[in-house]
Amino acid sequence: MDPSVRDALFDQESLARLSVVADTDPSVVVDDFTDPSALSALSGAEALLTGWGCPPLTAEALDLMPRLRTVVHAAGSVKQHITGACWERGLTVASAAGANARPVAEYTVAAILFAGKRVLAARETYRRERARVNAMDVIGSGGNHGRTVGVVGASRIGRRVIELLRPHDLRVLLYDPYVDEAEATRLGVVAVSLDTLVRSSDVVTVHAPELSETRHLFDRDRLALLRDGATFINTARGSLVDTAALTDELVSGRLDAVLDVTEPEVLPPASPLYDLPNVLLTPHIAGSLGNELARMTHAALDELERYGRGLPYADPVRGEALSRTA
């Protein structure tokens, strides 16, 4: 991992736990497998504890680690560093994706509930008037009683969002091509086609993986299906949305949006999305940050401890599933 990531993930307590769980030197942080100073540690490593900034584990990199048996990732997706060579060599892999899903789901649910109360519109009215406003006029027909929320993708985050929405008086629709009606019923949602979900929802929140087939899943035609006044939330990946098409919709004022990710990841300074009153744009903060990082760290250490005790991982990553997951 990047050395700065180690400093963010590991405090003294977690470093002490790592030293108990594994025979390791916590001061050794590798971000370049070809670094001569790392070769001795790598050649004897049975397990890698990885994080953001880990370079790809190519066949050439794995040749430097003949004793390597497992990789535990102290973050979410492993797609940036786990390669086909890892599966060919029979490595086991685990990640803290479940721990990282929680703050993303929390951010999303907060956005959903704020959208229902039309918080962006209320803020703008109050900011403009700077005097008592008629709240009934501002909220209009908004509110969170019986609203319809469309969840796109029954991923870890999507499922956590569904779980956190259960106490609220909301109708939840789900689109996921891998979820049948029986599974949807178990989740407490209604399974529908994507276009039906988009047409029927007051809020649409995206939790699908970044795949070739999901690129611009929300193109100009699909965005046009959204109801006037609907809110579009994206905490997944910017590539799932046609940015130009979404920008046009938002500039028109027809839709609201909460966007934690965009394509490009940092929009150009001239993008109107920075200043539109109907857009909440945040710099990719929904995932684990601050004190939430400790949850990911200890989830990874839990898995490393299971490995050391000869137990199966609680949250393994399987190669065959990566073709349809984040």
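Quick caveat, the model's predicted, so the values are computed rather than measured.
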Can you label the angle between the Phe232 ring and the Phe218 ring as parallel, tilted or perpendicular, going by 30° and 60°?
-> perpendicular
Under-4.0 Å salt bridge between Arg118 and Asp256 = no
Arg222 side-chain N/O to Leu217 backbone N/O, donor-acceptor pair under 3.5 Å = yes
Answer yes when Arg69 and Glu46 have at least one side-chain N-carboxylate O distance shorter than 4.0 Å, and no when they do not.
-> no
Hey, are Asp302 and Arg17 close enough for a salt bridge, meaning a charged N less than 4.0 Å from a carboxylate O?
-> yes
Got a sec: does the OH of Tyr126 have more than 12 other heavy atoms crowding it under 6.0 Å?
-> no
Can Ser14 and Asp11 be counted as having a side-chain donor-acceptor contact under 3.5 angstrom?
-> yes
Count the heavy atoms of every other residue, nucleotide or ligand shown that sit under 6.0 Å from CD of Glu181, and state whether that count exceeds 12.
-> no
Going by chain and number, the hydrophobic cluster around Val119 (ILVMFWY, side chain to side chain under 4.5 Å) further includes Phe114
Could you check Leu173 against Ser200 for side-chain contact (heavy atoms from CB on, under 4.5 Å), going step by step and ending with a plain yes or no?
-> CA-CA 9 Å; Leu173 307 180; Ser200 306; 3.8 Å; yes
With sequence neighbours excluded, residues passing side-chain contact (heavy atoms from CB on, under 4.5 Å) with Ala184 | Val179, Val189, Ala191
Is a side-chain donor or acceptor of Arg147 paired with a backbone partner of Asp169 at a separation under 3.5 angstrom?
-> no
Sidechain-backbone polar pair: Asn100 side chain, Ser288 backbone, donor-acceptor under 3.5 Å | yes
Sorted by first residue and then second, give each salt bridge (Lys or Arg N to Asp or Glu O under 4.0 Å) pair with at least one member in residues 260-278; sequence neighbours left out.
-> Arg215-Glu263
Classify the side-chain pair Thr58/Thr83 by whether it contains a donor and acceptor separated by less than 3.5 Å.
-> no
Going by atom types alone, do Tyr107 and Thr282 pair a side-chain donor with an acceptor below 3.5 Å?
-> yes
NZ/NE/NH1/NH2 to OD/OE distance under 4.0 Å, Arg89 and Asp63 = yes
List the steps and the verdict of side-chain contact (heavy atoms from CB on, under 4.5 Å) for Phe10 and Val29.
-> CA-CA 12 Å; Phe10 287 90; Val29 184; over 6 Å; no
Between Met65 and Leu57, is any pair of side-chain heavy atoms under 4.5 Å apart?
-> yes
Within the distance-only criterion (no hydrogens, no angle test), does the side chain of Asp228 pair as donor or acceptor with the backbone N or O of Arg254 below 3.5 angstrom?
-> no
Examine distances only and state if a side-chain atom of Asp2 and a backbone atom of Trp52 form a donor-acceptor pair shorter than 3.5 Å.
-> no
Step through the shown structure and confirm whether more than 12 heavy atoms of other residues, nucleotides or ligands are within 6.0 Å of CG on Asp23.
-> no
